[in-house]
A.B. asks: 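One structure, pasted below without further comment.
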2 protein chains.
Amino acid sequence: MSREQAIAKLIPVFRKYGYEGTTLSLLSKASGLGKASLYHHFPGGKEEIAAAVFEYVGIWFNKTVLNSLQSEQKPELKIQAMCKNLQEFYGNGKESCFSAIMSFGEANNLFHDRVKHRIQVLIDTLAQVLIEGGIEPELAKVRSQDAMIEIQGALILVRIIDDTEPFERAIENLPRKLLN
Amino acid sequence: MSREQAIAKLIPVFRKYGYEGTTLSLLSKASGLGKASLYHHFPGGKEEIAAAVFEYVGIWFNKTVLNSLQSEQKPELKIQAMCKNLQEFYGNGKESCFSAIMSFGEANNLFHDRVKHRIQVLIDTLAQVLIEGGIEPELAKVRSQDAMIEIQGALILVRIIDDTEPFERAIENLPRKLLN
DNA sequence: GTCTATATAGGGATAGAC
DNA sequence: GTCTATCCCTATATAGAC
């Protein structure tokens with residue numbers, strides 16, 4: 001099995017159990033590899049596995065969500081595309097945000113800088129699109145942050161109340177809130 | 001040491017390490033009690049401790065935040081009071097939300113129903129105040145949900161980017177967003 | 001009510017055969 | 001590259017003295 005194939009199978013484990021709750025036994029079961037085989041692919045153990053998953057999810061996120069903000073289309077269309085991809089990326093609200101998961105507990109110590117950087121790139125990229133759309137830079141930054149807040153908060157609320165409606169609504173209203 | 005005193009000392013442990021990341025050793029150190037003493041107070045072990053902390057934090061939250069919505073004042077003033085208490089309760093954005101923490105991983109299995117109920121009570125109570133303030137019931141519910149989203153999302157963003165500004169801004173704008 | 005000591009299980013991690 | 005077997009450590013939990 002390739003490293004990439006293994007990583008793909010390991011994503012749901014971290015998403016469901018968090019960093020601390022994820023054990024090598026769970027990872028072993030999910031991947032179909034023995035613990036020793038996991039250490040063959042990831043000599044650094046659990047931490048390296050989490051880092052690999054973090055990178056993998058980041059590439060996936062960039063290919064879909066971030067990429068939709070870097071096309072040659074009009075700002076309105078870029079943001080609409082982003083929203084559509086966000087909805088898909090988060091399984092209509094059912095899937096947790098990997099960055100948010102990695103911002104709790106021990107994982108926060110290990111991955112804080114990487115998570116922070118990833119979120120800030122996203123905020124900055126979105127802000128650029130808003131500026132391109134005629135929003136003042138200061139306001140653009142605030143609105144981009146607000147978009148992050150909406151997404152993260154909606155994902156939490158959805159998980160708590162077992163209802164994806166708030167997430168769908170948040171995504172639906174995002175273009176209007178961002179561009180007036 | 002009384003049960004209550006012990007619980008108060010244990011809150012920060014769960015807030016910092018999450019449910020999975022919290023160990024009896026950490027709880028022992030934080031409380032100054034030996035592990036066996038913890039089992040004397042909480043025969044159910046870690047799960048019972050978490051449940052006790054959950055209840056304790058809930059009572060604290062009700063006394064401050066929820067209570068401010070149940071005064072005899074005008075809706076505007078109730079909401080302003082709530083916002084002030086929210087800011088205090090979450091340490092200006094530096095403190096995590098206990099309910100959100102308990103919505104991840106194994107804790108989500110154990111406490112899902114209790115967390116859901118607590119959040120729904122809060123949403124319903126806030127919605128009632130909005131209705132009292134002249135908002136249509138359907139819209140009131142949506143806006144109350146949006147308030148939860150803002151708070152939860154802001155707490156996450158704050159932790160990720162090490163900057164409490166988004167939380168302060170969210171709280172500041174909350175009364176206007178809720179009541180138009 | 002608190003302690004020391006200990007039981008039992010599972011976690012992360014490694015050695016070495018194949 | 002994958003496995004079985006094993007090591008060490010820490011986790012939860014309990015027994016029993018004080």
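All figures in this text were calculated on a predicted structure; none of them were measured in a lab. So that the names make sense, note that chain A is the first sequence line, chain B the second, and so on, each numbered from 1.
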A.B. asks: For Lys46(B), answer base if it contacts any base atom (sugar-phosphate contacts may also be present), sugar-phosphate if it contacts only those atoms, and nothing otherwise; contact means non-hydrogen atoms under 4.0 Å.
C.D. replies: sugar-phosphate
A.B. asks: Is it the case that Lys46(B) places NZ or CZ above or below the six-membered ring of Tyr19(B), under 6.0 angstrom from the centre and within 45 degrees of the axis?
C.D. replies: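 Output yes; distance and angle both within limits.
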A.B. asks: Do the charged groups of Arg176(A) and Glu150(A) touch, with an N to O distance under 4.0 Å?
C.D. replies: no
A.B. asks: Would you kindly give the OH-to-P distance between Tyr17(A) and dG10(C), to the nearest whole Å?
C.D. replies: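 Atom-to-atom, Tyr17(A) to dG10(C), this comes out as 15 Å.
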A.B. asks: Can you tell me if the side-chain N/O atoms of Ser25(A) get under 4.0 Å from OP1 or OP2 in dG10(C)?
C.D. replies: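 Negative; the distance criterion is not met.
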A.B. asks: How close or far is atom P of dG12(C) from atom CD of Glu20(A), stated in whole angstroms?
C.D. replies: 11 Å
A.B. asks: Figure out the NZ/P separation between Lys35(A) and dG10(C), and round it to whole Å.
C.D. replies: 10 Å
A.B. asks: Apply salt bridge (Lys or Arg N to Asp or Glu O under 4.0 Å) to Arg169(A) and list each qualifying residue two or more places apart in sequence or on a separate chain.
C.D. replies: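 So Arg169(A) forms a salt bridge (Lys or Arg N to Asp or Glu O under 4.0 Å) with Glu165(A), Asp146(B).
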A.B. asks: Tell me what Thr23(B) touches on the nucleic acid: a base, only sugar-phosphate, or nothing, going by heavy atoms under 4.0 Å.
C.D. replies: sugar-phosphate
A.B. asks: Classify the nucleic acid contact of Ser28(A) as base, sugar-phosphate or nothing, counting any heavy atom under 4.0 Å across all strands shown.
C.D. replies: nothing
A.B. asks: Return whichever of Ala36(B) or Pro43(A) has its heavy-atom-nearest nucleotide of DNA chain C closer to the 5' end.
C.D. replies: Ala36(B)
A.B. asks: Find the distance Tyr39(A):OH to dA17(C):P and express it as a whole number of Å.
C.D. replies: 21 Å
A.B. asks: Which part of the nucleic acid, if any, lies within reach of Ser2(A) when heavy atoms closer than 4.0 Å are counted: base, sugar-phosphate only, or nothing?
C.D. replies: nothing
A.B. asks: Give a yes/no on whether any side-chain N or O of His40(A) is located under 4.0 angstrom from OP1 or OP2 of dT14(C).
C.D. replies: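 Looking at the OP1 and OP2 atoms of dT14(C), neither is under 4.0 Å from any side-chain N or O of His40(A).
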A.B. asks: Look at the side-chain N and O atoms of Ser37(B) and state whether any lies under 4.0 Å from the OP1 or OP2 oxygen of dG1(C).
C.D. replies: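 No, no such contact exists.
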